Amino acid sequence: GVAVSPDGLSVYVADSGNDCVRKVDTATGAVSTVAGTGSRGFQDGPPESARFSWPYGVAVSPDGLSVYVADSGNDCVRKVDTATGAVSTVAGTGSRGFQDGPPESARFSWPYGVAVS
């Protein structure tokens, strides 16, 4: 998945094969890793230690402060703080299933898309 920041200065990419979220600077074309180590896993935290598993969809919040990620392999929705790169889980346990409820107990199965408005 790909999403453009509200100011048009950044393009965020769910780099599924490398298990991370990348950013393309639209002015220079430079690519940088926003969050994720490049190794598959399920871990929140700072960008250099956070881990994803097949992130697929991304969406940028209207204020540009967060990138939401459909973390398909971890069966959850994650959030990346665009200022710090810190990753947190918004909803899902990291285990596949079908369950409604609070964010920490809800379950998804291979979420592929995410949108914000």
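Keep in mind that what you see is a predicted model, and the values were worked out from it rather than measured.
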> Linking I/L/V/M/F/W/Y whenever their side-chain heavy atoms sit closer than 4.5 Å, directly or via other members, would Tyr112 and Val13 fall into one cluster?
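As far as the 4.5 Å side-chain criterion goes, Val13 and Tyr112 are not connected within one cluster.
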> State, to 0.1 Å, how close Pro6 and Pro62 come at their nearest heavy-atom pair, and which atoms those are.
CG-O, 3.2 Å
> Just wondering, do Val67 and Thr82 contact through their side chains at under 4.5 Å, heavy atoms?
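They are in side-chain contact.
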> Please round to the nearest 0.5 Å and tell me the distance separating atom NZ of Lys23 and atom OG of Ser32.
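If I round to the nearest 0.5 Å, the distance is 5.0 Å.
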> I'd like to check Tyr68 versus Ser61 (side-chain heavy atoms, cut-off strictly below 4.5 Å). Are they in contact?
yes
> Do you know the tightest heavy-atom contact between Ala14 and Pro55?
CB-O, 3.7 Å
> Hey, does Val21 have a side-chain heavy atom less than 4.5 Å from the side chain of Asp15?
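A side-chain contact is absent here, since even the closest heavy-atom pair is not under 4.5 Å.
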> Spell out, as yes or no, whether a donor-acceptor pair under 3.5 Å connects the side chain of Ser53 to the backbone of Gly41.
no
> Distance check, rounded to the nearest 0.5 Å: Phe52 atom CZ versus Asn74 atom CG?
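It is 9.0 Å, given to the nearest 0.5 Å.
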> So which atom in Pro103 and which in Val90 form the shortest heavy-atom distance, rounded to 0.1 Å?
CB-O, 3.1 Å
> What's the shortest heavy-atom distance between Cys20 and Gly36, and which atoms?
CB-CA, 4.0 Å
> Flag the pair Asp44 and Arg78 as a salt bridge only when some basic side-chain nitrogen lies within less than 4.0 angstrom of an acidic carboxylate oxygen.
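Counted as a salt bridge, because a side-chain N and a carboxylate O are separated by less than 4.0 Å.
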> Taking Arg51 for its side chain and Arg40 for its backbone only, find out whether a donor-acceptor pair lies under 3.5 Å.
yes
> Work out which heavy atom in Gly45 is nearest to a heavy atom in Ala50; give both atom names and the distance.
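Taking Gly45 first and Ala50 second, the nearest heavy atoms are O-CB, 3.9 Å.
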> Report yes or no: do Val2 and Val80 belong to one cluster of Ile/Leu/Val/Met/Phe/Trp/Tyr joined by side chain heavy-atom distances under 4.5 Å?
no
> Nearest 0.5 Å, please: how far is OG1 in Thr33 from CG in Asp19?
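That separation rounds to 11.5 Å.
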> Testing the basics here: between Ala35 and Gly85, what is the closest heavy-atom pair and its distance to 0.1 Å?
CB-O, 3.6 Å
